[in-house]
K.L.:
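Please find one structure pasted underneath; my questions will follow.
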Amino acid sequence: MSDRFDAGAADQRWQQRWEESQLFAADSASARPKAYVLEMFPYPSGRIHMGHVRNYTMGDVLARYKRMTGHEVLHPMGWDAFGMPAENAAMERKVHPGAWTYENIATMRGQLKRLGFALDWTREFATCDPEYYGHQQALFLDLLEAGLVFRKESEVNWDPVDMTVLANEQVIDGKGWRSGAPVERRKLNQWFFRITRFADDLLDGLGDLEKWPDKVKLMQENWIGKSQGLQFRFALDRPAGTADLDAVEVFTTRPDTIFGASFVAIAADHPLAMAIAADQPDAARFIEQCKAGGTSAADIETAEKQGYDTGLKAVHPFDADWQLPVYIANFVLMDYGTGAVFGVPGHDQRDHEFATKYGLPIQRVVAPSADEADEPIGEEADDREGVAVHSRFLDGMETEAAKAEVIRRAEAEGWGEGKTVYRLRDWGISRQRYWGTPIPIVHCESCGPVGVKREDLPIRLPEDVSFDVPGNPLDRHPDWKKIDCPRCGQPATRETDTLDTFVDSSWYFVRFASQPGDRPFDKEEASAWLPVDQYIGGVEHAILHLLYARFITRALQHVGRLDIAEPFAGLFTQGMVTHETYQSLDGRWLGPDEIELGEDGQVIEKTSGGGVRKGRVEKMSKSKKNVVDPIPIVDRYGADAARWFMLSDSPPERDLEWSLGGIEGAARFVQRVWRLAGSEKGEGGEDKALERKLHRTIVAVGEAIEGLQFNKAVAALYELTSAIEKAEPSSARDAAIDTLLRLIAPMAPHLAEEAWAARGHQGFIADAPWPEHDPALLVDDEVTMVVQVNGKLRDKMQVARGIARDKAEEMALSLPKVSQILGDNPPRKVIVVPDRLVNIVA
RNA sequence: GCGGACGUGGCGGAAUGGUAGACGCUGCCGACUUAAAAUCGGCUUUCCGAAAGGAAGUGCGGGUUCAAGUCCCGCCGUCCGCACCA
């Protein structure tokens, strides 16, 4: 063996051998227990970044570990290939989105292979492959036939200058990112998936997801937002002219605060608002104003609360003489509840701001106790629950009881009813863009929207499109949309909207498991692999992607395509990769390769020698120029060092700060293991202490990998490596080295294979069984017990394991340090935790 | 604005309510070397002390407990998501 591990040569050698032997191709028919390990597939943006390296390294360690523990492993890779960046590239660089995307895929595939991931490349696909999106169109038709797809009006961000629909991220401070024009909200007829039909089911299903992080389940629960409340009608004292507008229907989750109401507010696009606008020009103007700005919730809710007093009065349901002003308000959403609310400024912060602005009464109607009924409401609303006060017949009732009582009376008197509502809205899937899956619908004047014939799938995107002007190229294509109606044969037009790319990523994991040519997937084969045992990706996907994938899985079950409800049995959300940022003194962002350490230790800009301000540690991003490209790192230090660093130190769920020192440390460790593997062999001899350490490490590393706590596995392996280095040559030490190689094989596979072969073993270490541990070697005969006085550490003692309580107490009390502190006073109390500590309370 | 998390040495972090700082990085000292690199050994929370030893200490302020980084309440700060970014 040579002195230094040649990472470049070893990486290449083993990657080639793995590929030649098709080692990581998954066999659906295998009799071994199956394990499906999946990382969120990447968007082919151009080059892989550190976040990808971290994500795929974690999954790779688990996949390789599962393989060594006797599983048939499915660990596939593909491309989430539709989306806006390809269209932006087309506009900026005059390249076709498809050409741009497939070039990026080719580059990134090579980069991933360079890292030596144990991936089954035979199952690779891109969502922009017509084969894939054709199957997706078939699934769309299934859902359409099952009544899970419908059409309705909904708002989009409209750029009035570019005459195009904008994504939320393209709206910056209420203006279009290219044109700079103030954005408007505009209504379009669009397609939706009826996800709300599964709202309860998606909520209940969270309860069974034991291997999901609680925080993600909680976020989904809040997103679905199931709440019980009261829906009721406020009579309007002056009918607005038409018979059906003599009442306004509101929904509230706090019916107990009904006596604290001081106004009624309706959405700007509420039918009543429309009716009022018809004869009040000021109202019409206000409604126009409300349409300014983007559609995102953050935009709407951080905007200043504004209202327009319609002059109408709503009659309080419990008191015919009590009238509330009716406002049109910019913060009430038509999509949630009934599009109308009553405002209780005492107990809702938004209502409080509104009431303060318009001089409306603020009355306390809930208090921590009846004694505090007259505590004034201060600068902020009091949103705690308690007992009802100043609320007539509700006075003294607990919040929950008061809610029930109001609902009971409303139902008895016939003006309202208890109702369950969800915050979750139906999933809008229409996108007015080219680079996505065409929605397989034909619009016919006589038949309406009709699904295309299945034998015509895939409905392909036309190649000859131009991106010279903004807007949807499908819509302006000269003949693509012209087609005869599949039902009546009359001339008709294709739907020119494409599907949200979240649809693409909502079933790709099924296609990985089974990919027949003639249908989306085979139910039996997919069932053999699904659900995914461990899914790994960024926490930024905690709600939308994961909820949509759960929905689609249920929908596919509903239409009989699949027989599981939950796609991902285990979920892990990993943190971001961050790096320091640097700015020149005049404010330009500088990349890590544009700076260096000056003679006096100050950071300076390489080209000018000018001063550099160290900025905060932030997520790697092009705009801050703090991106480190993984590939030069891999070329310089080897794939294993890069992988090892990604797993070291930082807990995987937290952010990882990239550092040069860190990668060098990892590379040093790779060399240490290599030297150890080539070190002098011993003849015979036991080494009990080393064996103990070894077997504890086997347990620790296995548990750490199963729990995805790779930083702990790394720490345990450092300890074991040091212990072996310090041990005298012996056969026990040689065995420990072979075991160490198997333990690091999932994390540093090239090093492990190279050293395994150099030590004379046959076959791939990737195929070697995971080491077994001997339980007898895990426990020591002696333990250290801590002796505390009043909870403070004063001494320690070595005792036999399993020592009796009274014996431990006696020993502790006889320690000189203890008696010195206690003096002549007998201890008041002694707490003994077996084998751990004695705490003496003086 | 709403929802969710996180906060421990110079740095990344470890710690079933039971020895705070494992392991790694950095730095310093030493060995090897003509020299350097590589490698190996030691030290590295702060304060007081020559040492032995002592005191303080897990964002801030309270609380529960024999015992709190860990549990509870209230703040502060940072990050993620908010439905057309992926």
Side-chain angles (χ1 to χ4, degrees), chain A residues 3-4 40-43 45 80 82-85 154 156-157 165-171 190 195 213-216 218-223 225 294-303 305 331 335 349-350 353 423-433 500-502 505 538-545 547-548 573 575-576 578 616-619 645 648-651 653-657 659-662 664-666 668-669 671-672 675 711-712 714-719 722 725 784-793 795-796 828-831 833 836-842:
Chain A
D3 286 355
R4 285 191 70 77
M40 292 180 185
F41 66 164
Y43 179 80
S45 54
D80 188 13
F82 275 135
M84 289 203 307
S154 91
V156 294
N157 300 306
V165 176
L166 298 179
N168 282 338
E169 71 155 10
Q170 298 174 316
V171 178
Q190 308 201 70
I195 188 172
D214 288 339
K215 64 171 177 179
V216 174
L218 190 56
M219 280 191 266
Q220 292 218 348
E221 187 182 324
N222 290 333
W223 186 261
T295 58
S296 79
D299 282 352
I300 291 167
E301 293 190 30
T302 49
K305 313 288 170 279
F331 60 86
D335 287 330
Q349 187 54 27
R350 218 164 40 177
E353 282 171 37
R423 207 185 72 98
L424 180 68
R425 307 200 297 260
D426 280 318
W427 174 11
I429 49 175
S430 289
R431 297 292 181 271
Q432 296 70 40
R433 277 189 253 289
D500 180 4
T501 57
F502 272 125
S505 54
V539 70
E540 64 273 20
H541 297 290
I543 297 177
L544 292 180
H545 162 59
L547 192 66
Y548 290 151
T573 55
M576 301 177 300
T578 62
R616 298 192 320 174
V617 172
E618 299 204 50
K619 177 177 179 171
F645 174 64
S648 308
D649 297 351
S650 287
E653 69 277 11
R654 269 203 248 168
D655 292 351
L656 170 99
E657 190 187 339
S659 75
L660 201 58
E664 284 177 349
R668 218 153 34 227
F669 178 73
Q671 295 298 341
R672 259 173 88 190
R675 278 195 302 275
N711 56 322
K712 291 190 195 173
V714 165
L717 287 166
Y718 271 121
E719 288 192 46
S722 297
E725 281 168 345
T784 305
M785 281 184 81
V786 167
V787 180
Q788 298 179 330
V789 178
N790 291 332
K792 273 193 168 183
L793 175 70
D795 209 347
K796 297 174 191 178
R828 285 198 293 155
K829 194 174 173 186
V830 179
I831 286 120
V833 181
R836 306 220 48 164
L837 67 72
V838 180
N839 188 13
I840 297 154
V841 186

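Any value given below was found using the heavy atoms of this structure, including those in side chains, with hydrogens, waters and symmetry copies removed.
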K.L.:
Does B:G27 count as syn, meaning its glycosidic angle lies within 90° of 0, or as anti?
P.N.:
anti
K.L.:
Stem ranges for RNA chain B, with three or more consecutive Watson-Crick or G-U pairs under 3.5 Å?
P.N.:
B:1-7 with B:76-82, B:10-12 with B:23-25, B:27-31 with B:39-43, B:45-48 with B:53-56, B:59-63 with B:71-75
K.L.:
List the residues meeting ring-ring contact (aromatic ring centres under 6.0 Å, His included) with A:H541, not counting sequence neighbours, and say none if there are none.
P.N.:
A:H545
K.L.:
Between protein and nucleic acid, restricted to nucleotides 46-48 of chain B and to nitrogen or oxygen atoms under 3.5 Å apart, what atom pairs and distances do you find?
P.N.:
none

K.L.:
Give me the distances for all protein-to-nucleotides 64-66 of chain B N/O pairs that come in under 3.5 Å?
P.N.:
unit_1: B:C66; atom_1: O2'; unit_2: A:N839; atom_2: ND2; d: 3.3
unit_1: B:C66; atom_1: O2; unit_2: A:N839; atom_2: ND2; d: 2.6

K.L.:
Do the side chain of A:Q190 and the main chain of A:I429 share a donor and acceptor less than 3.5 angstrom apart?
P.N.:
no
K.L.:
Has A:R423 got more than 12 heavy atoms of other residues, nucleotides or ligands less than 6.0 Å from its CZ?
P.N.:
yes
K.L.:
Would you compute the distance between atom CZ of A:F669 and atom OG of A:S648 and round it to the nearest 0.5 angstrom?
P.N.:
8.5 Å
K.L.:
Below 3.5 Å is the cut-off: list the nitrogen or oxygen pairs between protein and nucleotides 5-13 of chain B, distance only.
P.N.:
unit_1: B:G7; atom_1: OP1; unit_2: A:R654; atom_2: NH2; d: 3.4
unit_1: B:G12; atom_1: O2'; unit_2: A:S650; atom_2: OG; d: 2.9
unit_1: B:G12; atom_1: N2; unit_2: A:D649; atom_2: OD1; d: 2.9

K.L.:
Treating primed atoms plus P, OP1 and OP2 as sugar-phosphate and everything else as base, which nucleotides of nucleotides 69-74 of chain B get B, S or - for protein heavy atoms under 4.0 Å?
P.N.:
------
K.L.:
Look at all strands and tell whether A:A298 reaches a base, only sugar-phosphate, or nothing, counting heavy atoms closer than 4.0 Å.
P.N.:
base
K.L.:
Would you give the length of the straight line joining atom CG of A:L424 to atom CG of A:N222, rounded to the nearest 0.5 angstrom?
P.N.:
12.5 Å
K.L.:
Just how far, in rounded Å, is C1' of B:G53 from CG of A:D795?
P.N.:
13 Å
K.L.:
How would you list, by chain and number, every residue that makes a ring-ring contact (aromatic ring centres under 6.0 Å, His included) with A:Y548, sequence neighbours excluded?
P.N.:
A:W427, A:F502
K.L.:
Can you tell me how far CZ of A:R431 sits from CZ of A:F82, rounded to the nearest 0.5 angstrom?
P.N.:
14.0 Å
K.L.:
Can you tell me how far P of B:G3 sits from CZ of A:R350, to the nearest Å?
P.N.:
11 Å
K.L.:
Rounded to whole angstrom units, what separation is found between the CG atom of A:L717 and the P atom of B:G24?
P.N.:
12 Å
K.L.:
5'-most contact on RNA chain B: A:E719 or A:K792, nearest heavy atom basis?
P.N.:
A:E719
K.L.:
Would you compute the distance between atom CG of A:L544 and atom CD of A:Q220 and round it to the nearest 0.5 angstrom?
P.N.:
9.0 Å
K.L.:
Work out how far the P atom of B:U26 is from that of B:A15, and round it to whole angstrom.
P.N.:
23 Å
K.L.:
Taking CD1 from A:I543 and P from B:G3, how many angstroms apart are they, rounded to a whole number?
P.N.:
12 Å
K.L.:
Would the distance check show the side chain of A:N790 and the main-chain N or O of A:V841 forming a donor-acceptor pair, the cut-off being under 3.5 Å?
P.N.:
no
K.L.:
For A:W223 and B:G3, give me the distance from atom CH2 to atom P, rounded to whole Å.
P.N.:
13 Å
K.L.:
Rounded to whole angstrom, note down the C1' distance from B:A14 over to B:G9.
P.N.:
13 Å
K.L.:
Distance between the C1' atoms of B:U19 and B:C29, in whole angstroms?
P.N.:
29 Å
K.L.:
So, A:D80 side chain and A:F41 main chain: donor-acceptor pair closer than 3.5 Å or not?
P.N.:
no
K.L.:
State which residues pass salt bridge (charged side-chain N to carboxylate O under 4.0 Å, His left out) with A:E221; sequence neighbours excluded, sorted by chain then number.
P.N.:
none
K.L.:
Can you tell me the distance, in whole Å, between the CG atom of A:N222 and the P atom of B:G1?
P.N.:
18 Å
K.L.:
Does the protein touch nucleotides 35-43 of chain B at the base, only the backbone, or not at all? Give it as B, S and - per nucleotide, heavy atoms under 4.0 Å.
P.N.:
----SSS--
K.L.:
Apply salt bridge (charged side-chain N to carboxylate O under 4.0 Å, His left out) to A:R433 and list each qualifying residue two or more places apart in sequence or on a separate chain.
P.N.:
none
K.L.:
State which residues pass ring-ring contact (aromatic ring centres under 6.0 Å, His included) with A:Y43; sequence neighbours excluded, sorted by chain then number.
P.N.:
none
K.L.:
Using whole Å, what does the distance between atom C1' of nucleotide B:A67 and atom CZ of A:R836 come to?
P.N.:
13 Å
K.L.:
In whole Å, what is the span from the CG atom of A:L547 to the P atom of B:G3?
P.N.:
18 Å
K.L.:
Could you go through nucleotides 84-86 of chain B and list every protein N or O atom that sits under 3.5 Å from one of its N or O atoms, giving the distance for each pair?
P.N.:
unit_1: B:C84; atom_1: OP2; unit_2: A:R431; atom_2: NH2; d: 2.9
unit_1: B:C84; atom_1: O4'; unit_2: A:R431; atom_2: NE; d: 3.1
unit_1: B:C84; atom_1: O4'; unit_2: A:R431; atom_2: NH2; d: 3.2
unit_1: B:C84; atom_1: O3'; unit_2: A:N168; atom_2: N; d: 3.4
unit_1: B:C84; atom_1: O2'; unit_2: A:N168; atom_2: N; d: 2.6
unit_1: B:C84; atom_1: O2; unit_2: A:R433; atom_2: NH2; d: 2.2
unit_1: B:C84; atom_1: N4; unit_2: A:Q190; atom_2: OE1; d: 2.9
unit_1: B:C84; atom_1: N4; unit_2: A:Q432; atom_2: OE1; d: 2.9
unit_1: B:C85; atom_1: OP2; unit_2: A:N168; atom_2: N; d: 3.4
unit_1: B:C85; atom_1: OP2; unit_2: A:E169; atom_2: N; d: 3.1
unit_1: B:C85; atom_1: O4'; unit_2: A:E169; atom_2: OE1; d: 3.3
unit_1: B:C85; atom_1: O4'; unit_2: A:E169; atom_2: OE2; d: 3.4
unit_1: B:A86; atom_1: OP1; unit_2: A:M84; atom_2: N; d: 3.1
unit_1: B:A86; atom_1: OP2; unit_2: A:T501; atom_2: OG1; d: 3.4
unit_1: B:A86; atom_1: O3'; unit_2: A:D80; atom_2: OD2; d: 3.0

K.L.:
For A:E353 and A:S722, find the nucleotide of RNA chain B closest to each by heavy atoms; which residue's nucleotide sits nearer the 5' end?
P.N.:
A:E353
K.L.:
With the side chain of A:L424 defined as its heavy atoms from C-beta on, choose the nearest nucleotide among B:U16, B:G24, B:A83.
P.N.:
B:A83
